[in-house]
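See below for the structure under consideration.
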Amino acid sequence: MNGAQRKKILDSLVQEFRRGSLVLAVLSQLGEYQYGYQLSASMGEKGMEADQNTLYPLLRRLEKQEILESRWQLEEGRQRRYYRLSPEGRVLFRELKEAWEETARVMETLLKEGEINA
């Protein structure tokens with residue numbers, strides 16, 4: 001495998017990893033109302049890029065699952081849909097965060113073992 005092939009595979013795997021963590025990242029930012037572009041920009045500034053073609057369907061799906069609630073608001077002459085965690089979403093976020101933290105602990109152990117064996 002040459003360097004270009006390795007980079008392509010690595011980029012694909014990193015993208016898959018980030019996509020898997022996007023729900024938790026989004027939920028972590030929606031304690032207060034935010035609209036989609038604002039959320040996307042804020043997450044991007046923190047290093048978690050969220051393509052709008054991925055983000056908006058995710059927000060709608062989470063709202064349909066009653067994890068998020070939304071409201072329309074007129075701002076700067078434009079109607080924008082603002083999202084935040086629903087009460088049930090807050091509970092689910094805490095539980096999902098705990099699951100993430102446990103997974104991170106397990107991964108840290110596995111990765112340390114992998115370093116020793118590599």
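The residues of the chain are indexed from 1 along the displayed sequence. We use all heavy atoms of the structure for the numbers below, so side chains are in, but hydrogens, waters and symmetry mates are not.
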Return a table of donor-acceptor pairs under 3.5 angstrom between the side chains of residues 59-69 and protein atoms on other chains or two or more places apart.
unit_1	atom_1	unit_2	atom_2	d
Glu63	OE2	Ser70	OG	2.4
Glu69	OE2	Arg84	NE	2.6
Glu69	OE2	Arg84	NH2	2.8

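- Note on Glu98 versus Arg94: no salt bridge recorded, every NZ/NE/NH1/NH2 to OD/OE distance being 4.0 Å or above.
- Considering OG of Ser40 and CG of Asp51, their distance stands at 7.5 Å, rounded to 0.5 Å.
- Every residue was checked against the side chain to side chain contact (heavy atoms under 4.5 Å, CB included) condition with Glu49, not counting sequence neighbours, and none meets it.
- Under the rule for a side chain to side chain contact (heavy atoms under 4.5 Å, CB included), the partners of Lys46 that lie at least two apart in sequence or sit in another chain are Gln29, Ser42.
- In summary, Glu102 and Arg105 engage in a salt bridge, as defined by a charged side-chain N under 4.0 Å from a carboxylate O.
- In this structure, OH in Tyr56 is found 9.0 Å from OH in Tyr37, a value given to the nearest 0.5 Å.
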May I have the list of side-chain donor-acceptor pairs in residues 17-27 shorter than 3.5 Å, sequence neighbours left out?
unit_1	atom_1	unit_2	atom_2	d
Arg18	NH1	Gly47	O	2.7
Arg18	NH2	Gly47	O	3.3
Ser21	OG	Phe17	O	3.4
Ser21	OG	Arg18	O	3.0

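- Placement of Val91 and Trp100 in two distinct hydrophobic clusters is found when ILVMFWY residues are connected by side-chain heavy-atom separations under 4.5 Å, directly or transitively.
- Side-chain heavy-atom separations under 4.5 angstrom define the hydrophobic clusters, and Trp72 shares its cluster with no other residue.
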Intermediate values then yes/no, side-chain hydrogen bond (donor to acceptor under 3.5 Å, both in side chains), Tyr35 and Gln73: CA-CA 9 Å; Tyr35 62 95; Gln73 184 173 322; over 6 Å; no
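- Remark: Arg71 is positioned above the aromatic ring of Tyr33, its terminal NZ or CZ atom under 6.0 angstrom from the ring centre and at most 45 degrees off the axis.
- The other residues sharing a hydrophobic cluster with Val106 are Met107, Leu110, Leu111, where clustering joins ILVMFWY side chains under 4.5 Å apart.
- Considering CD of Glu76 and CZ of Arg80, their distance stands at 5.0 Å, rounded to 0.5 Å.
- Between the CE atom in Met43 and the CD atom in Gln34 there is a gap of 9.5 Å [rounded to 0.5 Å].
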